[in-house]
Amino acid sequence: MIDAYRRFMNIEAPPAPQRPKGFFTDTSLCIGCKACEVACKQWNQLPADGNELSGNSYDNTGALGATTWRHVQFVEQAKANNSRVGQRWLMMSDVCKHCANAACLEACPTGALVRTEFGSVYVQQDICNGCGYCVPACPFGVIDRAPKDGHFEAGRAHKCTLCYDRQKDGLEPACAKACPTDSIQFGDIEELQAKARRRLADLRARGETSARLYGMPESTEAAEVGHLNAFFLLLDRPEVYNLPEVPRLPRKTMAQRYAISAVVGLAFAALSAVAFGRRSG
Amino acid sequence: MEMNGYTVRDGKQVADFAALKDDGSTACGVWIYSGVFPGEGQNMARRRNKGDGWISPEWGFAWPGNRRMLYNRASADPQGRPWSERKKYVWWDAAQHKWTGYDRPDFPDTKAPDTPGQEEGVGVDAHSGSDPFTLKADGRAWLFAPSGLKDGPLPTHYEPLESPVKNPVYRRQDSPIAKRFSRKDNPISAPGDPRFPYLATTYRVTEQYTSGSMSRWSSWLSELMPEMFAEISPELAAEKGIKNRDWIVVSSARGEIECRALVTRRLRPFQLNGALIHEIGLPYHWGYKGLVKGAMANDLVPLSEEPNVYIQEDKAFTCNIRKGRL
């Protein structure tokens with residue numbers, strides 16, 4: 001019966017899950033060329049966001065958004081303000097983390113956000129109704145809606161697809177393909193994690209003692225969102241790169257928030273009852 | 001196939017550049033890649049046989065002729081024996097009367113080490129069997145170029161035509177044979193000219209391509225580097241009351257431009273002869289047309305050329321800046 005219905009409605013069986021794939025972004029290799037940003041925009045045909053000099057080092061695109069799915073951060077760092085001691089220029093190509101427990105996916109009421117057979121989190125543009133619940137849910141501020149008056153898929157939510165279309169054809173995502181230094185590596189997530197551990201040990205042995213991995217299954221940031229299918233090797237604390245120390249899953253605090261709302265609501269009700277009681281009395 | 005080379009009559013690929021002729025019977029796009037596609041369906045660059053030794057001659061392709069090290073005959077002594085057993089690389093096999101080794105010898109295959117050079121010989125025939133540097137006229141290694149250069153033969157230091165300091169090495173300030181264009185609109189300011197106390201240098205950013213006239217029409221590149229700017233140190237910015245993103249005017253003896261200031265510690269003032277000399281960094285990709293426009297750093301640079309290949313000297317000159325617009 002269900003099979004007949006599926007055939008009649010032309011509903012395909014979902015593709016069989018494969019070994020999860022993802023990105024390992026090694027910031028120690030990033031040279032800030034932004035080839036990933038351009039390759040991403042070209043493959044996905046995303047429009048430019050405007051031509052304004054930000055004054056913030058060499059970063060003129062600012063942040064991830066509906067039409068910027070890879071974004072290279074530039075951090076000009078020194079041990080103290082107005083000093084050149086320990087000066088360095090950190091670069092990091094940021095992207096959707098494709099979390100194991102994705103907050104955007106949990107918040108989506110329409111089922112537009114799905115987990116693909118490659119383990120990535122994907123927005124189905126024909127189902128998204130632009131409610132925007134996913135936007136504040138994301139602890140990294142990745143997913144965003146395209147402006148309603150814009151000419152790109154107006155109003156709907158957008159983010160990195162981990163090049164779902166390219167993966168379907170057995171190709172690596174455009175950013176990883178374009179990266180000239182292999183700072184962005186694409187592959188089987190478990191293999192990448194093993195590779196990252198080796199790279200970290202190697203860097204530490206060479207004296208990069210503040211190097212760390214971000215988004216591994218065992219690390220603190222995995223407490224709520226789980227491991228990240230796009231994880232990073234950082235040369236400093238996550239805050240330096242605009243990443244939360246512990247990304248939070250809104251679901252975890254939902255009961256508490258409902259309770260607070262209920263208490264506040266009751267308090268207002270009591271207050272107005274007192275006020276009305278006085279006036280009418 | 002055009003790069004590999006082929007015989008014109010039947011369009012067959014040649015095995016390598018040794019098969020190329022100068023009589024028009026073969027054609028080849030670039031001789032150093034000759035041999036990379038030696039036959040139908042064969043791509044030497046795709047080979048992945050690691051092999052036993054450390055040379056891996058069957059891994060990929062190295063030009064020319066799949067040689068991993070140029071002039072490798074120099075790894076053997078004049079008699080064709082390896083200089084050291086540990087570093088042996090190619091050598092003369094007297095029994096088979098040919099050069100052999102781990103790599104493909106970069107030398108005529110059967111030219112014995114004791115072959116004398118031919119006085120009237122053409123090309124490598126003029127070299128003896130102990131002259132490894134086959135592309136040099138005399139077949140020998142050169143520590144410096146004894147002829148052909150207009151300056152030299154050994155490197156030295158001259159200041160740029162415009163410099164804030166006197167040459168600390170010689171009394172001669174700058175290159176005596178630089179090409180200069182002495183015109184009214186191309187003045188050069190003297191060392192220590194108080195009108196132009198700062199150093200300037202020009203460079204590219206990776207997002208725009210050379211002059212920018214091609215890349216400025218791509219919206220994806222334009223948004224990444226949208227406007228002309230000048231990089232200055234926080235020290236100079238404080239001295240001049242300039243804040244990040246302020247408009248500034250950069251001037252030299254030739255002209256002046258306006259652009260935004262990008263204040264960054266990456267620019268470090270120089271300590272030269274006890275004086276603090278500031279440097280200003282100028283990318284040069286903008287112009288008056290394109291999706292993004294901006295002033296041209298080339299309006300400031302002196303017109304002068306290096307004497308051998310006439311490269312313009314625009315990496316160092318002197319300038320001044322002020323807050324404001326033109």
Side-chain angles (χ1 to χ4, degrees), chain A residues 30-63 65 67-91 93 151-152 174-175 178-181 183, chain B residues 203-209 212 214-239 242-248 258-271 276 278-279 281-283 285-286 289-295:
Chain A
C30 182
I31 54 169
C33 71
K34 307 182 194 168
C36 50
E37 278 197 55
V38 178
C40 174
K41 288 215 169 187
Q42 185 173 35
W43 179 261
N44 296 297
Q45 289 294 299
L46 303 174
D49 299 321
N51 302 319
E52 191 165 345
L53 190 81
S54 72
N56 178 17
S57 195
Y58 278 8
D59 175 9
N60 290 307
T61 42
T67 51
T68 300
W69 299 350
R70 267 274 176 196
H71 167 243
V72 182
Q73 291 186 21
F74 291 80
V75 183
E76 296 188 15
Q77 204 185 35
K79 287 266 189 292
N81 274 345
N82 303 322
S83 141
R84 287 188 177 82
V85 179
Q87 188 183 344
R88 57 180 179 171
W89 203 5
L90 300 173
M91 290 137 197
S93 178
H151 57 283
F152 176 75
C175 54
C179 179
T181 62
S183 170
Chain B
Y203 45 82
R204 347 179 149 180
V205 294
T206 54
E207 295 85 346
Q208 301 282 5
Y209 183 71
M214 300 84 112
S215 54
R216 284 198 310 269
W217 297 96
S218 162
S219 60
W220 295 318
L221 298 176
S222 292
E223 70 169 334
L224 297 176
M225 273 299 172
E227 203 175 332
M228 174 64 184
F229 58 92
E231 298 191 285
I232 60 175
S233 68
E235 290 86 348
L236 180 60
E239 201 179 300
I242 296 166
K243 290 195 296 295
N244 198 26
R245 282 187 89 246
D246 275 353
W247 282 101
I248 57 170
E258 61 173 14
C259 60
R260 303 273 194 176
L262 193 62
V263 180
T264 169
R265 279 183 300 235
R266 286 181 289 105
L267 265 279
R268 298 169 188 232
F270 291 96
Q271 284 283 350
L276 195 70
H278 291 286
E279 186 183 29
L282 300 162
H285 304 281
W286 289 272
K289 275 189 167 180
L291 298 176
V292 293
K293 296 169 195 150

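We use all heavy atoms of the structure for the numbers below, so side chains are in, but hydrogens, waters and symmetry mates are not. Bear in mind the structure is a predicted one, so any value in this text is a computation, not a measurement. In what follows, chains carry the letters A, B, and so on, assigned in the order in which the sequence lines appear, proteins first and then strands, with residues in each chain numbered from 1.
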By a 4.5 Å heavy-atom criterion (distance strictly below it), what part of A:E76 contacts chain B: side chain, backbone, both, or neither? both
Side chain, backbone, both or neither: which part of A:E37 has a heavy atom under 4.5 Å from chain B? side chain
Does any backbone or side-chain atom of A:A78 lie under 4.5 Å from a heavy atom of chain B? Answer side chain, backbone, both or neither. both
Would you check if A:L46 and A:W69 make a side-chain contact, meaning some heavy-atom pair closer than 4.5 Å? yes
Are the side chains of A:Q87 and B:R266 in contact, using a 4.5 Å heavy-atom criterion? yes
Heavy-atom contact with chain A under 4.5 Å, split by part of B:R265: both
To the nearest 0.5 Å, how far apart are OH in B:Y203 and CG in B:L282? 7.0 Å
Is A:I31 in contact with chain B via its backbone, its side chain, both, or neither, using a 4.5 Å heavy-atom distance? neither
Region of B:E207 in contact with chain A, defined by heavy-atom distances below 4.5 Å: side chain
Could you tell me how the ring of A:F74 sits relative to the ring of A:W89: parallel (under 30°), tilted (30 to 60°) or perpendicular (over 60°)? tilted
Among the listed options B:L221, B:L291, B:L224, B:V205, the residue most often paired with chain A at heavy-atom distances under 4.5 Å: B:L224
Chain B shares the most heavy-atom pairs under 4.5 Å, among A:V38, A:V72, A:L53, A:T61, with A:L53
Distance in Å, B:I232 CD1 paired with B:I242 CD1, rounded so as to fall on 0.5 Å steps: 4.5 Å
Going by the rule ring pair (Phe, Tyr, Trp, His ring centres under 6.0 Å), which residues pair with B:W217 if we only count those two or more places apart in sequence or in a different chain? none
B:L262 versus chain A, heavy atoms under 4.5 Å apart: side chain, backbone, both or neither? side chain
What's the shortest heavy-atom distance between B:G281 and B:L267, and which atoms? N-CD1, 4.0 Å
